[in-house]
Student: 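I have a structure here, written as structure tokens, and I will follow up with some questions on it.
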Protein chains: 2
Amino acid sequence: MASEEKAPRPLGDLERLVMERLWAAPAALTVREVHEQLADTRELAYTTVMTVLDRLAKKKLTERERDGKAWRYRAASPREELAADLMRDALDRAGDRREALVRFVGQVSDEEAALLREALGRLEDHAESEERAG
Amino acid sequence: MASEEKAPRPLGDLERLVMERLWAAPAALTVREVHEQLADTRELAYTTVMTVLDRLAKKKLTERERDGKAWRYRAASPREELAADLMRDALDRAGDRREALVRFVGQVSDEEAALLREALGRLEDHAESEERAG
DNA sequence: AACCATCTACGACGTTACGTAGTAGATGCT
DNA sequence: AGCATCTACTACGTAACGTCGTAGATGGTT
């Protein structure tokens with residue numbers, strides 16, 4: 001682990017749009033399906049969607065599996081996982097982590113702060129269980 | 001507030017290098033100073049450094065003030081502030097914040113988790129003081 | 001005042017990512 | 001065999017960024 005510096009470029013607008021469709025879908029989608037879903041938002045050539053999906057796959061953001069002669073794409077990881085990764089990267093870029101975290105926490109809404117406490121709480125429980133078990 | 005979607009592009013490599021020098025400096029630096037400081041890391045034309053500094057200024061990442069005929073540049077905000085902003089942006093892109101935070105906390109090191117708790121603790125104290133005062 | 005070192009302003013070029021799409025050929029169904 | 005569909009590959013415009021050069025402004029020195 002710890003390969004360092006590998007900041008995932010933030011997706012382009014179209015790429016994000018496509019990813020959102022994939023994340024929202026209950027199952028892997030074909031190019032055609034994504035294309036159709038985007039129809040009401042944006043008029044794009046079928047091949048445009050294909051290209052984007054393909055590029056996303058090359059970036060490991062989507063995975064694809066055969067379905068007849070077509071490919072079915074799905075997000076490689078959940079949206080929240082990507083968000084968490086980006087948060088990590090951002091934190092790694094800070095010089096003083098403590099300071100960065102303090103500032104981050106300072107920007108967060110009350111609700112988010114509560115969610116953070118909750119998340120940290122779970123971590124604690126986890127650690128305890130492992131302690132007991134280990 | 002809440003202008004939404006304004007993801008700050010992650011800096012390019014050179015841009016980051018330059019910002020790091022500015023963040024590390026105790027005071028605003030001239031183009032020449034930055035150029036000299038980078039000398040041991042990378043051989044760049046003086047104007048290259050100037051261009052980068054200028055672009056950073058246009059992006060509001062640096063501020064500049066006159067010093068004789070030269071400009072002195074300094075980071076517009078501390079490194080940790082930028083990191084915190086990026087964390088915020090990342091979080092905003094998540095669908096389910098709770099989930100994103102849980103995952104983020106799950107990736108964080110023990111030390112970082114402790115720092116987070118500490119930061120959240122301060123927040124609490126803050127809230128209490130305000131409560132008493134308000 | 002003329003001169004020289006230095007700085008800035010601005011333009012330029014190559015590369016890469018991304019939005020966008022066309023063409024050719026593979027593939028599978030009827 | 002034929003048609004509809006899908007993929008693969010190529011391509012082009014734009015914008016960001018790395019990288020620099022030239023021209024002209026500026027200020028200190030003689």
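Every chain is numbered from 1, with letters handed out A, B, ... down the list of sequences. Just so it is clear, the model here is predicted, and its values are computed rather than measured.
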Student: Grab the CE-C1' distance between A:Met50 and C:dG22 for me, whole Å please.
Tutor: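 Going from CE in A:Met50 over to C1' in C:dG22 covers 10 Å.
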Student: Using a 4.0 Å cut-off on heavy atoms, which residues in residues 24-33 of chain B reach DNA chain C? List them by number, or say none.
Tutor: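 Only B:Val31, B:Arg32 qualify.
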Student: Checking B:Glu63 now: which residues fulfil side-chain hydrogen bond (donor to acceptor under 3.5 Å, both in side chains) with it, not counting sequence neighbours?
Tutor: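 So B:Glu63 forms a side-chain hydrogen bond (donor to acceptor under 3.5 Å, both in side chains) with B:Arg74.
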Student: Of all residues at least two apart in sequence or in a different chain, which pass the side-chain contact (heavy atoms from CB on, under 4.5 Å) check with A:Arg79?
Tutor: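 Per chain and number, A:Arg79 pairs via side-chain contact (heavy atoms from CB on, under 4.5 Å) with A:Glu20, A:Trp23.
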Student: In whole Å, I'd like the distance from the CH2 atom of A:Trp71 to the C1' atom of C:dA26.
Tutor: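 Checked: the CH2 to C1' distance equals 13 Å.
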Student: Tell me: OH of B:Tyr46 to P of C:dA5, nearest whole Å?
Tutor: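 My rounded result for the distance is 15 Å.
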Student: Looking at residues 36-44 of chain A, who's got a heavy atom less than 4.0 Å off DNA chain D?
Tutor: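 Correct list: empty, so none.
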Student: Can you give the first and last nucleotides of DNA chain D, 5' to 3', that have an atom under 4.0 Å from a heavy atom of chain A?
Tutor: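 Reading along DNA chain D, I get D:dA4 to D:dA11.
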Student: If you look at every heavy atom in B:Arg103 and A:Pro78, which pair is closest and at what distance?
Tutor: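 Residues B:Arg103 and A:Pro78, closest heavy atoms: NH2-CG, 3.5 Å.
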Student: Name all residues meeting the side-chain contact (heavy atoms from CB on, under 4.5 Å) criterion together with B:Ala57; count only those two or more places apart in sequence or in a different chain, and write none if there are none.
Tutor: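 Partners of B:Ala57 under the side-chain contact (heavy atoms from CB on, under 4.5 Å) test: B:Thr62, B:Tyr73.
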Student: Using whole Å, what does the distance between atom C1' of nucleotide C:dT8 and atom CD of B:Glu65 come to?
Tutor: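 After rounding, the reported distance stands at 16 Å.
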Student: Between the protein and nucleotides 27-30 of chain C, are there any N/O to N/O pairs under 3.5 Å, and if so, what are the atom names and distances?
Tutor:
| residue | atom | partner | partner atom | Å |
| --- | --- | --- | --- | --- |
| C:dT27 | O2 | A:Lys69 | NZ | 3.1 |

Student: What's B:Lys59 touching, base or sugar-phosphate or nothing? Going by heavy atoms closer than 4.0 Å.
Tutor: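 Sugar-phosphate, backbone atoms only, no base.
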Student: My understanding is that only residues two or more places apart in sequence, or in another chain, count here; which of them pass side-chain contact (heavy atoms from CB on, under 4.5 Å) with A:Gln37?
Tutor: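 Here the qualifying residues are A:Arg21, A:Leu29.
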Student: Just to verify, what does A:Glu15 make a side-chain hydrogen bond (donor to acceptor under 3.5 Å, both in side chains) with, not counting sequence neighbours?
Tutor: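 Result, side-chain hydrogen bond (donor to acceptor under 3.5 Å, both in side chains) vs A:Glu15: A:Lys59.
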Student: I need the CZ-P distance between B:Arg55 and C:dG11, as an integer number of Å.
Tutor: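 Distance, rounded to whole Å: 13 Å.
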Student: Using a cut-off of less than 4.0 Å, is there contact between a side-chain N or O of A:Thr47 and OP1 or OP2 of C:dG22?
Tutor: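 It does not, given that no N or O in the side chain of A:Thr47 lies less than 4.0 Å from OP1 or OP2 of C:dG22.
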Student: Residues sharing B:Met87's hydrophobic cluster, by side-chain heavy-atom contacts under 4.5 Å among ILVMFWY, directly or via others?
Tutor: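 Its cluster mates, by chain and number, are A:Met87, A:Leu91, A:Leu101, A:Phe104, A:Val105, A:Val108, A:Leu115, A:Leu116, A:Leu120, A:Leu123, B:Leu91, B:Leu101, B:Phe104, B:Val105, B:Val108, B:Leu115, B:Leu116, B:Leu120, B:Leu123.
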Student: For B:Ala24, give me all partners under side-chain contact (heavy atoms from CB on, under 4.5 Å), at least two apart in sequence or on another chain.
Tutor: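 side-chain contact (heavy atoms from CB on, under 4.5 Å) check on B:Ala24 returns nothing, list empty.
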Student: State plainly whether the residues A:Arg117 and A:Glu112 are in salt-bridge range, i.e. N to O under 4.0 Å.
Tutor: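 No salt bridge links A:Arg117 with A:Glu112.
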Student: Quick one: name the residues clustered hydrophobically with A:Val102, using the 4.5 Å side-chain heavy-atom rule over I, L, V, M, F, W, Y, and just say none if it's on its own.
Tutor: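 Hydrophobic cluster check, A:Val102: no partners found.
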Student: Compare all side-chain heavy atoms of B:Gln107 with those of A:Glu81 and state whether any distance is below 4.5 angstrom.
Tutor: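 Result yes, sub-4.5 Å side-chain heavy-atom pair found.
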Student: Is the backbone N or O of A:Asp67 less than 3.5 Å from a side-chain atom of A:Arg72, with the two atoms forming a donor-acceptor pair by type?
Tutor: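 Not a single qualifying donor-acceptor pair exists.
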Student: Keeping A:Glu80 on the side-chain end and B:Asp96 on the backbone end, is there a donor-acceptor pair under 3.5 Å?
Tutor: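 A pair under 3.5 Å: yes.
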Student: May I have the distance from B:Asp54 (atom CG) to C:dT8 (atom P), rounded to whole angstrom?
Tutor: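 Spelled out: CG on B:Asp54 to P on C:dT8 is 9 Å.
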Student: Tell me: CZ of B:Arg66 to C1' of C:dA9, nearest whole Å?
Tutor: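 After rounding, the gap between these two atoms is 10 Å.
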